[in-house]
4 protein chains.
Amino acid sequence: MLNRVVLIGRLTWDPELRYTPNGVAVTSFRLAVDRPFTNQQGERETDFIDIVVWRQLAETVANYMKKGRLVAVEGRLQVRSFENNEGRRIRVSEVVGDNVRFLDRGGDRSGGSGFNQGYDNPGGMSKDRGPSDDPFADDGKPIDISDDDLPF
Amino acid sequence: MLNRVVLIGRLTWDPELRYTPNGVAVTSFRLAVDRPFTNQQGERETDFIDIVVWRQLAETVANYMKKGRLVAVEGRLQVRSFENNEGRRIRVSEVVGDNVRFLDRGGDRSGGSGFNQGYDNPGGMSKDRGPSDDPFADDGKPIDISDDDLPF
Amino acid sequence: MLNRVVLIGRLTWDPELRYTPNGVAVTSFRLAVDRPFTNQQGERETDFIDIVVWRQLAETVANYMKKGRLVAVEGRLQVRSFENNEGRRIRVSEVVGDNVRFLDRGGDRSGGSGFNQGYDNPGGMSKDRGPSDDPFADDGKPIDISDDDLPF
Amino acid sequence: MLNRVVLIGRLTWDPELRYTPNGVAVTSFRLAVDRPFTNQQGERETDFIDIVVWRQLAETVANYMKKGRLVAVEGRLQVRSFENNEGRRIRVSEVVGDNVRFLDRGGDRSGGSGFNQGYDNPGGMSKDRGPSDDPFADDGKPIDISDDDLPF
DNA sequence: TTTT
DNA sequence: TTTT
């Protein structure tokens, strides 16, 4: 009914871009997210959380992200369940990201953050697109609504 | 850089649908969100939070929501600042909703919830559309990616 | 660094309350969270997400929740990794809930929602407590700050 | 019923620490949060969002944050309404932060992030404390539950 | 009072 | 204009 996740963490390896048989771009990576407290041994533990992003966002992430980079990820928590080839039931949890923000230096605007951004259409509601069909390509038209446009 | 709000509360009045001069649907409503604690007088206070939704979601909300209904709203917190006609600086805060879920009886699936749902394209990244141009109209094609499509 | 999850879904079974050897209450349950879109076969899929709650919240949830009930859960996504007795690496993902809200009729306030609420101390920053040591027990003192108290 | 906000943005000025008459620390600051899209004039707009934090977190923020720093804030959206001295109804919206993470260099761990963290007890459920009574002071005891402690 |  |  509602499923929203927000994470900030560091990439544990370089993301790798793949394509589905239908040509849809998909990138997976793992995020190290430190817990905000220490355990009984006084150690700070870390959750290693798998992220998957699709389409244009997959390509942006693959192009700009590297192991160690700090990112914010928004998305939904997905649990897939299947039987492996030993007949064992396996459950795989991952966050399907629809927004990824780069939080440390990207070499862009003088040490700034968010130099590159990615937005996907949350909830997978966008139609399936091939990799060459950029859903965010600028068509030269304005994409927001001006104040003059407001009815109140 | 990142701006996400999730609220659950009750409508304080019937929402009203308007259209911008350009024909874009927009609906505003106010949500009563009880605080999870009581104040020094032992009273439970409530935040009255303004929500605005656009396009198809505006029409869905206007059609199905009524005063008193319980809803979940996802969106971003927007602060507009302007000078009023007395030259005074006014700040208006509202949540621009991109997902609204109906949480109490909708007469749909036997006491179920979420009988009607609305999703807008978060972040306002969709192109401007007129009210008759439903961004979520079903075109008869599948809108998600099947398991067979997965490269891993 | 930051890890926040908000879910709304239905309990797939009655939760069961257990206690750790140290007497800490813990309740697990599974939430069915419908996806907001349909797959290529036109079916609406569901994520079955495991939730675990601790201490007072565990007891509240065990006392009031039943299979089928609609709830909102806030928490953090935790991934535990261990080797099973076959030497296989297993990863278990679950949401550690720190706030659970009951969203359908609880028999309390005439069809209201949120009849019962649970809050845990997010981030696990509270000290370990035994089950009889209610962290939310009312000590008769006010727990919030009045307006008179504000310095601005 | 549920009210959660997650923001990432930059401080627009140095925060200022105050105390209530009862000695409770409170710090306010304003966050500049860029929108993820451009308006009809092709400009990227920014929401300037007021944040208030209390108690220990107020002191941590006041000690470590400076104008321009990038932070993540979690909290709840609060709307206060009152009549000003001209008899006009004023509505003030602000995010009551219960978690603030520092996202750019803090001089701590070699360019790392989150060098300093603050957690407040969300929902204001903690008892009122004076400024010298650090709710997060380490008492030398473990604050989490070990794996051995788990009943499953 | 507006950040990068 | 305040919901339950």
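Nothing here was measured: the structure is a model prediction, and the numbers come from that model. Proteins get letters first, then strands, A, B, ... in listed order; numbering begins at 1 in each.
For D:Ser93, the side chain to side chain donor-acceptor pair (under 3.5 Å) criterion is met by no residue, not counting sequence neighbours. Applying the side chain to side chain donor-acceptor pair (under 3.5 Å) test to B:Glu43 and every residue at least two apart in sequence or in another chain returns B:Asn39.
Rounded to whole angstrom, the span from the CG atom of B:Asn3 across to the P atom of E:dT3 amounts to 19 Å. Going from atom CG of D:Asp50 over to atom C1' of E:dT3 covers 14 Å, rounded to whole Å. Taking atom CG of B:Leu11 as the reference point, atom P of F:dT1 lies 18 Å away to the nearest angstrom. In this structure, D:Asp14 atom CG and E:dT3 atom P are separated by 12 Å, rounded to whole Å. Nucleotide F:dT3 holds its C1' atom 10 Å from the CZ atom of B:Arg69, rounded to whole Å. Rounded to whole angstrom, the span from the CD atom of B:Glu45 across to the P atom of F:dT4 amounts to 19 Å. When rounded to the nearest whole Å, the span between NZ of B:Lys66 and C1' of F:dT3 equals 15 Å. In this structure, CZ of B:Arg10 is placed 23 Å from P of F:dT1, rounded to the nearest angstrom.
Between the side chains of B:Arg35 and B:Thr46, not a single donor N or O lies within less than 3.5 Å of an accepting N or O.
Checked against E:dT3, E:dT1, F:dT3, the side chain of D:Thr12 finds its nearest nucleotide in E:dT3. Of all nucleotides listed (E:dT1, F:dT3, E:dT3), E:dT1 comes nearest to the side chain of D:Trp13. Side-chain atoms of D:Asp34 lie closest to E:dT4 of the nucleotides E:dT1, E:dT4, F:dT3.
Under the 4.0 Å criterion applied to side-chain N and carboxylate O atoms, A:Glu74 and A:Arg101 are not assigned as salt-bridge partners.
Within the nucleic acid shown, D:Gly68 comes within 4.0 Å of sugar-phosphate atoms alone, with no base atom in reach, counting heavy atoms only.
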